[in-house]
**Student:** 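A single structure is presented below for examination.
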Amino acid sequence: MVAQNFAPALACVNVHEGGKDDDKRDPGGRTAYGVTQARYNQYLRDQGRTRADVWDITVPERVAIWRAYYWDVLRADELPAGLDYAVFDGGVNSGPAQAVKWLQRAVNDVRAKSGEGPILVDGQMGTNTLTAVNRIDDIDAVIAAMQDRRLAMLHNLKTWAVYGKGWSRRVNDVRKLAQAVARGSVVLAPPPGWTTAPGKALPSDAKPLPSATSGAVTSGVGTASSAVSSAATALQPAQGASKTLDTVLVVLLVLGGLLAAAGAAWAWWASRKARRMAADLDIAPPPALTNDNALVPAEMTA
């Protein structure tokens, strides 16, 4: 564990966050050096000060915000070197709770390989999470699993087409540097050649999950199937009157079967896609427990 990586970790984050931004496509809104107007408002309110434009934020204010609302909330001083930076960067870009969920799921991925049970995924950096993390020898694997899960969520955001290229580069940069720091092969510092990767990646900006019973495809298939069924029903009394009518009826029956199969295929695909997106977005049904500190598994207290 380390207690001196805040400054270099912030230097790395600052490179990716860049400067002032007010892109209407960015769910973070008006931003300065990664600090959103909403977060700055909160900081000023907590300080008993009046509201001000985030573009006028000072360096000491920025440092105080990153420390109090991100690094300390994430308890990064209690995390292994390298992993502290990876969690911090994820928290800055997507919110502390989401960064902790990525960490918790990554820890569960690594623990599963050794036959250990999972910890609760609740987005809280509690005692269970910290204990589990610091019992793992392969921090490199935790960082890798965390970045894989992070990238999977980003792919499912509405703004992927806008910011995806930069996000992919950022996640790859964080992965490489964090793993190198975890191995002890480099000192935490932004490498030459890094560029900004703007755009807040918030889970609240996720694409809607596909539905097996709604949407243009389902509506189109249903309408077409109904029309074919009605036509076939209308022709059935004339069956046998002529070869042409019989052929048309067969075609309609076959087409109806194909449309029914298409509808079933869409429902299967939509259900599978929805389950995968829910997992990537960490919105799958939660387990019974809801507090990270509610239960310390026996293997953690032994």
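Because the structure is predicted, anything quoted here is derived from the model rather than measured.
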**Student:** With Arg30 as reference, evaluate Asp53, Asp21, Asp56 under the salt bridge (charged side-chain N to carboxylate O under 4.0 Å, His left out) test and give the passing residue.
**Tutor:**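 That would be Asp53; it is the only one of Asp53, Asp21, Asp56 passing the salt bridge (charged side-chain N to carboxylate O under 4.0 Å, His left out) with Arg30.
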
**Student:** Check the side chains of Tyr70 and Asp89 for a donor-acceptor pair under 3.5 angstrom, ignoring hydrogens and angles.
**Tutor:**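 Side-chain D/A pair, Asp89 to Tyr70: absent.
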
**Student:** Decide side chain to side chain contact (heavy atoms under 4.5 Å, CB included) for Thr129 and Val107; before the verdict, give the C-alpha distance in whole Å, the side-chain angles of both, and the deciding distance to 0.1 Å.
**Tutor:** CA-CA 8 Å; Thr129 299; Val107 167; 5.7 Å; no

**Student:** Could you tell me whether the side chain of Gln179 reaches within less than 4.5 Å of the side chain of Ile139, counting heavy atoms only?
**Tutor:**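 They are not in side-chain contact.
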
**Student:** Is a side-chain donor or acceptor of Arg111 paired with a backbone partner of Gly117 at a separation under 3.5 angstrom?
**Tutor:**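 Side chain of Arg111 to backbone of Gly117: a pair is present.
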
**Student:** Please report the interatomic distance CD(Glu78) to CG(Asp72), rounded to the nearest 0.5 Å.
**Tutor:**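 Here the rounded value is 10.0 Å.
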
**Student:** Show the numbers, then the answer: is there a side chain to side chain contact (heavy atoms under 4.5 Å, CB included) between Ser94 and Trp167?
**Tutor:** CA-CA 11 Å; Ser94 298; Trp167 287 341; over 6 Å; no

**Student:** Is it the case that over 12 heavy atoms from other parts of the model lie below 6.0 angstrom from the CZ atom of Arg51?
**Tutor:**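 No - once you tally the heavy atoms of other residues, nucleotides and ligands closer than 6.0 Å, there are 12 at most.
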
**Student:** What are the two closest heavy atoms between Ala145 and Asp109, and how far apart are they?
**Tutor:**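 Where Ala145 meets Asp109 most closely, the heavy atoms are CB-OD2, 3.9 Å.
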
**Student:** For the atom pair CE (Met125) and CG (Leu130), what is the distance rounded to the nearest 0.5 Å?
**Tutor:**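 The CG atom of Leu130 is 5.5 Å from CE of Met125, to the nearest 0.5 Å.
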
**Student:** Please determine whether residues Val121 and Val73 belong to a single hydrophobic cluster, defined as Ile, Leu, Val, Met, Phe, Trp and Tyr linked transitively by side-chain heavy-atom distances below 4.5 Å.
**Tutor:**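 No, Val121 and Val73 fall in different hydrophobic clusters.
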
**Student:** Got Leu79 and Arg75 here, is their nearest side-chain heavy-atom distance under 4.5 Å?
**Tutor:**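 Side chain of Leu79 against side chain of Arg75, heavy atoms only: no contact under 4.5 Å found.
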
**Student:** With a 4.5 Å limit on heavy-atom distance, are the side chains of Asn128 and Leu120 in contact?
**Tutor:**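 They are not in side-chain contact.
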
**Student:** Please tell me whether Gln104 and Asn108 have a donor and an acceptor in their side chains that are separated by less than 3.5 angstrom.
**Tutor:**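 On atom types as modelled, these side chains do not qualify, holding no pair under 3.5 Å.
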
**Student:** Within the 4.5 Å heavy-atom criterion, are Val181 and Val186 side-chain neighbours or not?
**Tutor:**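 Answer yes - side chains close enough.
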
**Student:** Would the distance check show the side chain of Tyr85 and the main-chain N or O of Ala76 forming a donor-acceptor pair, the cut-off being under 3.5 Å?
**Tutor:**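 No, the answer is negative, given that no donor and acceptor are paired below the 3.5 Å cut-off.
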
**Student:** Do the side chain of Lys200 and the main chain of Val92 share a donor and acceptor less than 3.5 angstrom apart?
**Tutor:**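 Between the backbone of Val92 and the side chain of Lys200 there is a qualifying donor-acceptor contact (under 3.5 Å).
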
**Student:** When rounded to the nearest 0.5 angstrom, what is the spacing between SG in Cys12 and CH2 in Trp194?
**Tutor:**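 Those atoms lie 4.5 Å apart.
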
**Student:** If we ignore hydrogens and angles and just use 3.5 Å, is the side chain of Gln147 paired with the main-chain N or O of Ala144 as donor and acceptor?
**Tutor:**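 The answer is no, because no donor-acceptor pair under 3.5 Å joins these two groups.
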
**Student:** Would a 4.5 Å heavy-atom cut-off, applied to side chains only, mark Tyr69 and Pro96 as touching?
**Tutor:**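 No - every pair of side-chain heavy atoms lies 4.5 Å or more apart.
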
**Student:** Is Leu177 reachable from Val187 through a run of hydrophobic residues whose side-chain heavy atoms are each under 4.5 Å from the next?
**Tutor:**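 Not linked; separate clusters.
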
**Student:** After noting the C-alpha distance and the side-chain angles of Arg169 and Thr195, does the key distance pass the side chain to side chain donor-acceptor pair (under 3.5 Å) rule?
**Tutor:** CA-CA 9 Å; Arg169 185 179 65 252; Thr195 57; 3.0 Å; yes

**Student:** Please round to the nearest 0.5 Å and tell me the distance separating atom CH2 of Trp102 and atom CG of Leu151.
**Tutor:**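 One gets 9.5 Å once the value is rounded to the nearest 0.5 Å.
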
**Student:** Apply the test salt bridge (charged side-chain N to carboxylate O under 4.0 Å, His left out) to residues Asp205 and Arg25: give CA-CA distance (whole Å), side-chain angles for both, the deciding distance (0.1 Å), then the verdict.
**Tutor:** CA-CA 11 Å; Asp205 198 42; Arg25 300 170 297 179; over 6 Å; no

**Student:** What closest approach, in Å, do Pro203 and Leu157 show between heavy atoms, and which atom pair accounts for it?
**Tutor:**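 Closest approach of Pro203 to Leu157: CA-CD2, 4.4 Å.
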
**Student:** Hey, what's the ring geometry for Tyr40 with Tyr43, parallel, tilted or perpendicular (30° and 60° as the breaks)?
**Tutor:**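 Geometry flag for Tyr43 against Tyr40: parallel rings.
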
**Student:** Taking side chain as C-beta onward, heavy atoms only, is Val54 less than 4.5 Å from Lys20?
**Tutor:**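 Not touching, per the 4.5 Å side-chain cut-off.
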
**Student:** If we ignore hydrogens and angles and just use 3.5 Å, is the side chain of Trp66 paired with the main-chain N or O of Glu61 as donor and acceptor?
**Tutor:**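 Answer holds: no.
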
**Student:** What's the shortest heavy-atom distance between Ala86 and Val174, and which atoms?
**Tutor:**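 The pair with the smallest heavy-atom distance is CA-CG1, 3.9 Å.
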
**Student:** Minimum heavy-atom separation for Asn5 to Gly82, with atom names?
**Tutor:**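 The answer is ND2-N, 4.5 Å.
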
**Student:** Which distance, rounded to the nearest 0.5 Å, do you find between the CG of Asn93 and the CG of Leu202?
**Tutor:**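 The CG atom of Asn93 sits 8.0 Å away from the CG atom of Leu202.
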
**Student:** Between Gln37 (side chain only) and Ala52 (backbone N and O only), is there a donor and an acceptor less than 3.5 Å apart?
**Tutor:**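 Side chain of Gln37 to backbone of Ala52: a pair is present.
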
**Student:** Side-chain contact, heavy-atom cut-off 4.5 Å: Ile65 with Arg39?
**Tutor:**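 With C-beta onward as the side chain, the pair touches.
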
**Student:** Could you check if a side-chain atom of Asp22 sits within less than 4.5 angstrom of a side-chain atom of Lys24, using non-hydrogen atoms only?
**Tutor:**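 Asp22 vs Lys24: side chains touch.
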
**Student:** I need the minimum non-hydrogen distance between Trp160 and Ser168, along with the two atoms involved.
**Tutor:**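 Residues Trp160 and Ser168, closest heavy atoms: CH2-OG, 3.1 Å.
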
**Student:** Assess whether a salt bridge exists between Arg67 and Asp77, defined as any Lys/Arg side-chain N lying under 4.0 Å from an Asp/Glu carboxylate O.
**Tutor:**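 Result for this pair is yes, salt bridge flagged.
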
**Student:** How far apart are the closest heavy atoms of Gly91 and Leu74, and which atoms are they?
**Tutor:**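 Shortest heavy-atom separation between Gly91 and Leu74 comes out as CA-CD1, 4.4 Å.
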
**Student:** Does the side chain to side chain contact (heavy atoms under 4.5 Å, CB included) test come out yes or no for His16 and Asp173, once each step is laid out?
**Tutor:** CA-CA 9 Å; His16 281 137; Asp173 288 344; 3.0 Å; yes

**Student:** Any ion pair linking Glu17 and Arg170 (charged N to carboxylate O, less than 4.0 Å)?
**Tutor:**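 Between Glu17 and Arg170 there is a salt bridge, with a charged N closer than 4.0 Å to a carboxylate O.
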
**Student:** Angle between ring planes, Trp71 versus Phe6, binned at 30° and 60°: parallel, tilted or perpendicular?
**Tutor:**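 The arrangement is perpendicular - the two ring planes meet at more than 60°.
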
**Student:** Looking at Lys113 and Asp138, is there a salt bridge between them, counting it only when a charged N and a carboxylate O are closer than 4.0 Å?
**Tutor:**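 No, this pair does not count.
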
**Student:** According to ring pair (Phe, Tyr, Trp, His ring centres under 6.0 Å), who are the partners of Trp55, at least two apart in sequence or on a separate chain?
**Tutor:**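 Trp55 satisfies ring pair (Phe, Tyr, Trp, His ring centres under 6.0 Å) with no other residue.
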
**Student:** Would you please test Leu83 and Leu103 for side chain to side chain contact (heavy atoms under 4.5 Å, CB included) and show each step?
**Tutor:** CA-CA 9 Å; Leu83 185 60; Leu103 173 63; 3.9 Å; yes

**Student:** Would a distance-only check, ignoring hydrogens and angles, find a side-chain to backbone donor-acceptor pair under 3.5 Å from Thr36 to Thr31?
**Tutor:**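 Judged by distance alone, no pair lies under 3.5 Å.
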
**Student:** Find the distance between CD1 (Ile119) and CZ (Arg135) and round it off to the nearest 0.5 Å.
**Tutor:**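 Ile119 CD1 to Arg135 CZ: 12.0 Å, rounded to 0.5 Å.
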
